[in-house]
Amino acid sequence: MLNKYARGFFTAIFTPVARLLLRLGVSPDAVTVVGTAGVCFGALYFYPRGELWWGTLFITAFVFTDLLDGTMARMSGRTSSWGAFLDSTLDRIGDAAVFGGLILYFTGRGDDSLTAALALACLILGFVVSYAKARAESLNFTCNVGIAERAERLAATLVTTGFVGLFLPLWVLTAVLALLAVASFVTVLQRIGTVRKQALATTGRS
């Protein structure tokens, strides 16, 4: 839902920026790489130090490159399987950095083993959600189901983390991570069930 309603809005905002970068000779792939590097730096530098608000602001600035590079690719006619592969792969690295930074903080100076464990669960289950879809599509199945898509998981985590860094109590982030872990697990089950139905229909079993 977040993708559906927000992507068009932000694409319109970033179109002038995309046009300028293309005129300067910047490639969509370069924007993808720089964006991921920024997310990783912000998450792994600020979060372990306990600077949750500033880390979130820094990360968010680079997260939007995920829309900018796609807009640039479409405008320049450079959309390709390679670009999609690079973008998807680096997205996973960025996600790992965000949850990894939280894990480092809560196993260190944050000293909250429960929140650290939930962040780890979100990291692992988020990867399984993405892998299930990629593997299904590689086997010619469709797998566009689930209540916890990447955009929703990342937005909920960043927004909550940022405001916990300002004024919200820690238990709010703990609760959000718990809900995301459950939602991700349900999404994995939904995708497994969807692919199983298609596989059984293909083989003629009931």
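Quick caveat: nothing in here was measured; it's all calculated off a predicted structure.
No more than 12 heavy atoms of other residues, nucleotides or ligands sit less than 6.0 Å from atom CZ of F185. F167 CZ: more than 12 foreign heavy atoms inside a 6.0 Å radius.
In this structure, the separation between CG on L118 and OG on S113 is 9.5 Å, given to the nearest 0.5 Å. With rounding to the nearest 0.5 angstrom, the OG1 atom of T115 is 9.5 Å from the CG atom of L102. Rounding to the nearest 0.5 Å gives a distance of 4.5 Å between CG of D87 and CG of D91. The distance from atom CG of L170 to atom OG1 of T160, rounded to the nearest 0.5 Å, is 11.5 Å. In this structure, CG on L57 lies 11.0 Å from CG on L52, to the nearest 0.5 angstrom. Between M72 atom CE and D69 atom CG the span is 8.0 Å, to the nearest 0.5 Å.
Between W53 and F163, the angle of the ring planes lies from 30° to 60°, which puts this pair in the tilted group. Using cut-offs of 30° and 60° for the angle between ring planes, the Y45 and F41 rings count as parallel.
Residues T142 and Q198 have side chains that bring a donor and an acceptor to within less than 3.5 angstrom of each other. Side chain to side chain, T56 and Y47 meet the donor-acceptor criterion of an N or O pair below 3.5 Å.
The hydrophobic cluster containing F64 does not contain F62, counting ILVMFWY residues as joined when their side-chain heavy atoms lie under 4.5 angstrom apart, directly or transitively. In the hydrophobic cluster analysis, where Ile, Leu, Val, Met, Phe, Trp and Tyr join through side-chain heavy atoms closer than 4.5 angstrom, V186 is grouped apart from V145. I93 and V31 fall into different hydrophobic clusters, where Ile, Leu, Val, Met, Phe, Trp and Tyr side chains are chained together by heavy-atom contacts under 4.5 Å. Under the 4.5 Å side-chain contact rule for hydrophobic residues, L125 and L123 do not share a cluster. Following chains of ILVMFWY side-chain contacts shorter than 4.5 Å, one can reach F99 starting from V159, so the two form part of one hydrophobic cluster.
Residues V195 and R135 are not in side-chain contact: their nearest non-hydrogen atoms beyond the backbone lie 4.5 Å or more apart. Taking the side chain as every heavy atom from C-beta outward, Y105 and D111 never approach each other to under 4.5 Å. At least one side-chain heavy atom of L158 sits under 4.5 Å from a side-chain heavy atom of I59. W82 places a side-chain heavy atom less than 4.5 Å from the side chain of D29.
Just one of L22, V17, T15 meets the side-chain contact (heavy atoms from CB on, under 4.5 Å) condition when paired with R19; it is T15.
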*Where do V176 and T157 land on the side chain to side chain contact (heavy atoms under 4.5 Å, CB included) test, with the steps shown first?*
CA-CA 7 Å; V176 168; T157 300; 5.5 Å; no
*Which is it for Y131 and F127 under the ring-ring contact (aromatic ring centres under 6.0 Å, His included) test, yes or no, and what are the steps along the way?*
CA-CA 6 Å; Y131 174 80; F127 271 59; over 10 Å; no
_Between R92 and S130, does the side chain to side chain contact (heavy atoms under 4.5 Å, CB included) criterion hold? Intermediate values first, please._
CA-CA 9 Å; R92 304 289 85 72; S130 297; 3.5 Å; yes
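Here R191 pairs with E149 in a salt bridge; the nearest charged N to carboxylate O distance falls below 4.0 Å.
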